[in-house]
Amino acid sequence: RIDFDKETGIGPADREGAFDPAERRLMEDLQGNILKSHGRGHSRHLFVRFDSADSADATRRDRGRAWLADMADRVTTAMKQWDDSRRRAALFAAAGFGPLGVSVGLRFADGPRLTLDAQAGLFGGSVGAGLGGALFGGTAGSGSDRGGARPDPDGGHDGDGGGRLVDPEALLEAELARNPSDVFVNLMLSASGYRALGFTRLPADEAFVRGSRDAATLTKLCDPPVEQWHRGFRESLHALVIVADDDPERVQRTAEEIRADLLAARAGRVVHEEAGKVLRLRPNGPAREHFGFADGVSEPHFLAKDVERAKKEEGHSVWHPGGPLSLVLAKDPGGDAETGYGSFVVYRKLEQDVPHFDAQRLRLARALAEADGRAEPHEGDKELAGAYMVGRFRNGTPVNLPATAAGVDAPIPNDFDFSGDQDGLKCPYQAHTRKTNPRGDTVWRFGGTLEEERRRRIARRGISYEGDGTVGLLFLCAQADIAEQFEFMQDRWCNDVDFVAGGVDGKPSTGQDPVVGVGSAQTPTHWPRKHGVAGEKVTVSLAESVTLRGAEYFFVPSRSFLRGAR
Ligand code: HEM
């Protein structure tokens with residue numbers, strides 16, 4: 001029996017151990033990218049509409065279902081995601097690498113080629129591709145692997161180990177030759193998708209059934225009206241296929257195959273597409289988002305191996321990095337009675353206006369400088385202003401922690417809470433990361449339990465995009481309950497100007513989240529005048545820099561559901 005409520009994760013705590021039989025059956029029926037990010041550097045999002053939506057014709061409906069059944073063999077299961085990453089880890093350990101892209105700076109370039117990158121000055125310069133036959137003494141053996149703090153671009157490519165490098169290109173090519181179709185694939189359905197195919201038992205979640213276009217949802221989240229969304233999102237979307245790999249050409253090829261299969265099956269059409277790309281703070285470094293901040297740092301981990309790694313690298317004296325399966329898994333009503341689980345996914349295309357964000361950051365920096373009796377802000381004011389807005393400096397260091405002397409390769413700190421900063425003098429209450437993960441603030445403020453608060457966490461699986469002269473985040477998050485997790489976070493925390501300490505004991509409003517809060521940008525917002533020093537605060541309201549361009553709610557069904565859909 002699997003315990004869905006324990007926070008220590010499932011599966012072996014290392015790569016060598018085995019999943020127990022019940023865990024294995026669950027992982028074989030569950031799609032990947034839920035318990036751990038697929039981590040690939042490039043992705044394509046194919047939005048599908050089934051032909052049967054506009055007709056009562058049962059043949060069309062059956063064709064749509066037959067396509068789902070065919071896709072059962074194409075989606076990447078959680079088990080396959082694990083096995084793939086394990087195989088690659090073994091391969092690279094044999095080749096002498098430590099954590100890929102960390103110890104020796106090996107990384108996937110734009111394709112199945114390898115580049116030796118001089119991260120942290122290890123080799124004093126970029127060595128470039130084409131290592132055939134080279135021999136390096138690896139600095140490997142740290143035993144850690146990428147993930148969380150260190151962008152885990154890769155559920156699939158993390159590795160432990162040490163030794164000596166032999167010939168990475170040849171090894172990798174041999175590996176790819178053995179796995180020509182190793183491209184990562186996810187398939188998910190919206191409530192309108194289930195209906196279009198005539199399914200009557202929908203996954204049980206009221207927000208999911210209502211959908212992101214529903215008037216009540218739009219009002220609750222302060223979302224712009226659907227007419228203002230990008231054209232591709234205006235009509236409801238039935239299914240989303242995510243194709244991901246480190247090689248954009250392989251992504252493209254697989255996306256074309258899936259599109260052609262859908263047409264050949266006469267089941268429906270790809271009516272909209274998005275392309276995602278992971279950005280980096282520096283080559284091999286942490287992922288970042290377009291405003292320039294390290295992203296993908298703080299995540300609940302669900303696999304024992306990831307929980308153990310996070311504990312070892314980041315510590316766990318204050319903040320437990322694990323999350324129970326019940327945080328992300330929900331029963332799939334159409335799947336196998338024992339093993340059928342899936343997850344609800346919130347998809348939001350969030351456009352980021354970078355110059356506008358920088359202007360807000362500068363306004364805050366000026367106000368901080370003025371309060372200090374200086375006419376112009378210096379770099380330190382600008383960095384601090386950004387860190388106040390996000391809750392972390394651009395390199396990921398939390399604004400409430402003392403700066404550390406750790407090197408660029410050190411894990412980004414995540415073992416902290418705000419108990420030493422109840423007055424919001426170091427990390428303002430409204431900072432994005434404090435709004436979205438109050439780490440115990442709700443306990444002293446509202447008297448709930450930490451466990452209740454931690455039930456609101458989401459598993460972020462988004463990726464950046466750029467195109468058409470705009471940039472932003474294809475925000476995706478997985479959870480067991482949309483209303484209690486994502487919607488609560490956006491509505492009651494990010495958008496609420498009094499969360500967490502406003503309006504109590506005569507305290508003024510704290511303002512909305514300066515990164516993703518919407519609806520109340522004019523509310524006077526207070527910022528610590530001097531970092532960590534009690535006293536008067538600086539009051540500046542910041543305008544919004546992120547705009548919703550489209551949204552849909554999905555459920556990622558089990559493989560047993562897909563198989564039986566025909
Ligand atoms: C953390 C940026 C949208 C929830 C972060 C971090 C950054 C960031 C820089 C800190 C690094 C990290 O822990 O990964 C952005 C940007 C967004 C966006 C630029 C939009 C364009 C959202 C939305 C939500 C959200 C819509 C949910 C309502 C979170 C959560 C964390 C986080 C839960 C982790 C907090 C923690 O555990 O400490 N985001 N974010 N983000 N964000 Fe966002």
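First listed ligand is number 1; within each ligand, the first listed atom is number 1. Predicted model only: the values in this text are computed from it and were never measured.
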Salt-bridge present (Glu273, Arg44; N to O < 4.0 Å) | yes
Ligand 1 and Ser298, any nitrogen or oxygen pair closer than 3.5 angstrom?
-> yes
Give the numbers and elements of all ligand 1 atoms closer than 4.0 Å to a heavy atom of Phe293.
-> 9 (C)
Work out which heavy atom in Asp441 is nearest to a heavy atom in Arg434; give both atom names and the distance.
-> OD2-NE, 2.7 Å
Is Glu484 salt-bridged to Arg455, going by a charged N under 4.0 Å from an acidic O?
-> no
Partner of Asn495 by side chain to side chain donor-acceptor pair (under 3.5 Å), out of Lys220, Gln490, Gln512 | Gln490
Determine whether the side chain, the backbone, both or neither of Arg457 has a heavy atom under 4.0 Å from any heavy atom of ligand 1.
-> neither
Over-ring placement of Lys435 relative to Tyr429, 6.0 Å and 45° cut-offs | no
For ligand 1, which atoms, with element, lie under 4.0 Å from some heavy atom of Gln490?
-> 26 (C), 28 (C)
Number the atoms of ligand 1 from 1 as they appear, then name those within less than 4.0 Å of a heavy atom of Val390, with their elements.
-> 9 (C)
Taking NZ, NE, NH1 and NH2 as the nitrogens, is one of them in Arg492 or Glu487 under 4.0 Å from a carboxylate oxygen of the other?
-> no
Just checking, Arg213 and Trp229: is the charged tip under 6.0 Å from the six-membered ring centre and within 45° of the axis?
-> no
Under 2.8 Å from atom 43 (Fe) of ligand 1, the protein N, O or S atoms, given as residue and atom = His432 NE2
Sidechain N-carboxylate O distance under 4.0 Å for Glu7, Arg457 | yes
Between Val297 and ligand 1, does any nitrogen or oxygen pair lie at a separation below 3.5 Å?
-> yes
Go through ligand 1 atom by atom and flag the ones less than 4.0 Å from a non-hydrogen atom of Gly296.
-> 12 (C), 14 (O)
Sub-4.0 Å heavy-atom approach of Gly472 to ligand 1 = no
For Arg439, is at least one N or O under 3.5 Å away from an N or O on ligand 1?
-> yes
Ring centres under 6.0 angstrom apart (Tyr465, Phe475) = no
Measuring from the heavy atoms of His290, does anything fall under 4.0 Å of ligand 1?
-> no
Is it true that Lys36 and Glu299 make a salt bridge, defined as a side-chain N closer than 4.0 Å to a carboxylate O?
-> no
Within a distance under 4.0 Å of any heavy atom of Asn437, pick out the atoms of ligand 1 and give their elements.
-> 35 (C), 36 (C), 37 (O), 38 (O)
Salt bridge present between Lys382 and Glu379 (N-O < 4.0 angstrom) = yes
Out of Pro438, Pro286, Ala294, whose heavy atom is nearest to atom 9 (C) of ligand 1?
-> Ala294
Cation-pi geometry met for Arg456 and Phe488 (6.0 Å, 45°) = yes
